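Read the numbers this way: they start at 1 and go in the same order the structure lists the ligands and their atoms. If you're wondering where the values come from, they're calculated on a predicted model, not measured in any experiment.
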Amino acid sequence: MHRKSKITILTGAGISAESGLGTFRDRNGLWTQVNIEDVATPEAFARDPAKVHAFYNMRRANAADASPNAAHHALTKLQNDWPGDVVLITQNVDGLHERAGSEVLHMHGQLDRALCAACGHRWDAPRVMDPQDPCPDCARPATRPDIVWFGEMPYHMEEIAEHLRDCDLFAAIGTSGAVYPAAGFCAEAAMAGAETVELNLAESDVSASFGQRIEGPASSAVPDWVAGLLAGR
Ligand code: APR
């Protein structure tokens, strides 16, 4: 890797697993405990906003109690010390990358943000949200978590497409490759000529798309990988 190269990184729930936050599709994962259709679609919110808010209130409290782990801190070190650009995109809705000091693009939204389903206003979410909360802007009781639900368009997709087109290295960390468009990012970057590497505890659904794979827990594999890049290995 030339030291002026641009690195684009995508992270998933696996990078926060060792911070105590559950993943979705591993054993006892979130989607083995709750049905996506009940809590993570616009239809679910229309049908039972209280149930949806309760689910995200629980996740918001868990995320607030969690701390960044060595993998989050290693990516901040890479952003600070790598001479070229390092763009960090996450599917995660926890704030652990920011709390580790990273600049990050949240393509699936954030637990710490709220959105008014009526007027589109966004603000910092209170710890506990309730369907009766009035929107601070239009005062209508239409507040929802600022989370991208299944069937909705992820955020920052144009900017992300550019970061996939012009990077020299694409890395995916702790993601199963089960959900598009994120699962297609590796192929997109590779088509534009990037080297690709997957860091994961196990094989993902898209491991075959990657030029290199590093297997192991993120809290040790990511710091080692970052140290290697910074040492010019
Ligand atoms: N270190 C590295 N990788 C890990 C670790 C760990 N300690 N623990 C688990 N993993 C890996 C698993 O092997 C798996 O590939 O993390 C991945 C978790 O996969 P998912 O649970 O599917 O999470 P993710 O890929 O982030 O899901 C993508 O799906 O439900 C939607 O919007 C949600 O953003 C989420 C998207």
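- The single protein non-hydrogen atom nearest to atom 34 (O) of ligand 1 is His108 ND1, 2.9 Å, given as residue, atom name and distance.
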message: Please determine whether side-chain contact (heavy atoms from CB on, under 4.5 Å) holds for the pair Glu103 and Gln79, giving the CA-CA distance in whole Å, both sets of side-chain angles, and the decisive distance to 0.1 Å.
response: CA-CA 8 Å; Glu103 294 280 315; Gln79 278 190 328; 3.9 Å; yes
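- We find that Asp168 and Lys6 are not joined by a salt bridge, their nearest charged nitrogen and carboxylate oxygen being 4.0 Å or further apart.
- The shortest contact between atom 5 (C) of ligand 1 and any protein heavy atom is with Gly14 O, 3.6 Å.
- Listed by atom number, the atoms of ligand 1 under 4.0 Å from Thr175 heavy atoms are 15 (O), 17 (C), 24 (P), 25 (O).
- Checked by distance only, ligand 1 and Leu199 stay at 3.5 Å or farther apart across all their nitrogen or oxygen atoms.
- Among protein heavy atoms, atom 7 (N) of ligand 1 sits closest to Glu18 OE1, 3.0 Å.
- Using a 4.0 Å cut-off between charged side-chain N and carboxylate O, Arg165 and Glu188 make no salt bridge.
- Each of the following atoms of ligand 1 lies closer than 4.0 Å to a heavy atom of Asp26: 9 (C), 12 (C).
- Summary of contacts: the protein heavy atom closest to atom 27 (O) of ligand 1 is Arg25 NH1, 3.1 Å.
- Exactly one of Thr8, Leu10, Val206 qualifies for a side-chain contact (heavy atoms from CB on, under 4.5 Å) with Phe185. That residue is Leu10.
- Interface of Gly174 with ligand 1, defined as ligand atoms under 4.0 Å from a residue heavy atom, comprises 3 (N), 16 (O), 17 (C), 18 (C).
- Contacts between Tyr180 and ligand 1 below 4.0 angstrom, taking non-hydrogen atoms only, are absent altogether.
- Every atom of ligand 1 with a heavy atom of Pro217 under 4.0 Å away is listed here by number and element: 1 (N).
- Here is the list of ligand 1 atoms found below 4.0 Å of a heavy atom in Gly12: 26 (O).
- Phe24 CE1, 3.6 Å is the protein heavy atom nearest to atom 35 (C) of ligand 1.
- Nearest residue to atom 14 (C) of ligand 1 from Asn200, Leu201, Ile214 is Asn200 (criterion: closest heavy atom).
- Residue Trp31 approaches ligand 1 through these ligand atoms, each under 4.0 Å from one of its heavy atoms: 30 (O).
- Atoms of ligand 1 found under 4.0 Å from any heavy atom of Ala218, numbered from 1 in the order shown, are 1 (N), 2 (C), 6 (C).
- Using a 4.0 Å heavy-atom cutoff, Ser204 is absent from the residues neighbouring ligand 1.
- The protein heavy atom nearest to atom 26 (O) of ligand 1 is Ala13 N, 2.8 Å.
- A cation-pi contact, defined as under 6.0 Å to the ring centre and within 45° of the axis, is absent between Arg233 and Trp225.
- Using a 30° and 60° split on the angle between ring planes, Phe150 and Trp31 fall in the perpendicular class, above 60°.
- Ionic pairing of Arg60 and Asp112 is not present here: no N-O contact between side-chain nitrogen and carboxylate oxygen is shorter than 4.0 angstrom.
- Of all protein heavy atoms, the one lying nearest to atom 28 (C) of ligand 1 is Gln91 OE1, 3.3 Å.
- Residues Tyr56 and Asp146 have side chains that never bring a donor and an acceptor to within less than 3.5 angstrom of each other.
- Ion pairing of Arg144 with Glu152 is present here, as a side-chain N (NZ or NE/NH1/NH2) and a carboxylate O approach within less than 4.0 Å.
- Near Ala17, meaning under 4.0 Å from any of its heavy atoms, are these atoms of ligand 1: 8 (N).
- Residue Glu215 qualifies as enclosed at atom CD: its count of foreign heavy atoms under 6.0 Å is above 12.
- Atom 19 (O) of ligand 1 has as its closest protein heavy atom Ser176 CB, 3.3 Å.
- For the residue pair Ser207/Ser204, the side-chain donor-acceptor check at 3.5 Å is satisfied.
- The pair Asp65-Arg59 does not count as a salt bridge, with every side-chain nitrogen at least 4.0 angstrom from each carboxylate oxygen.
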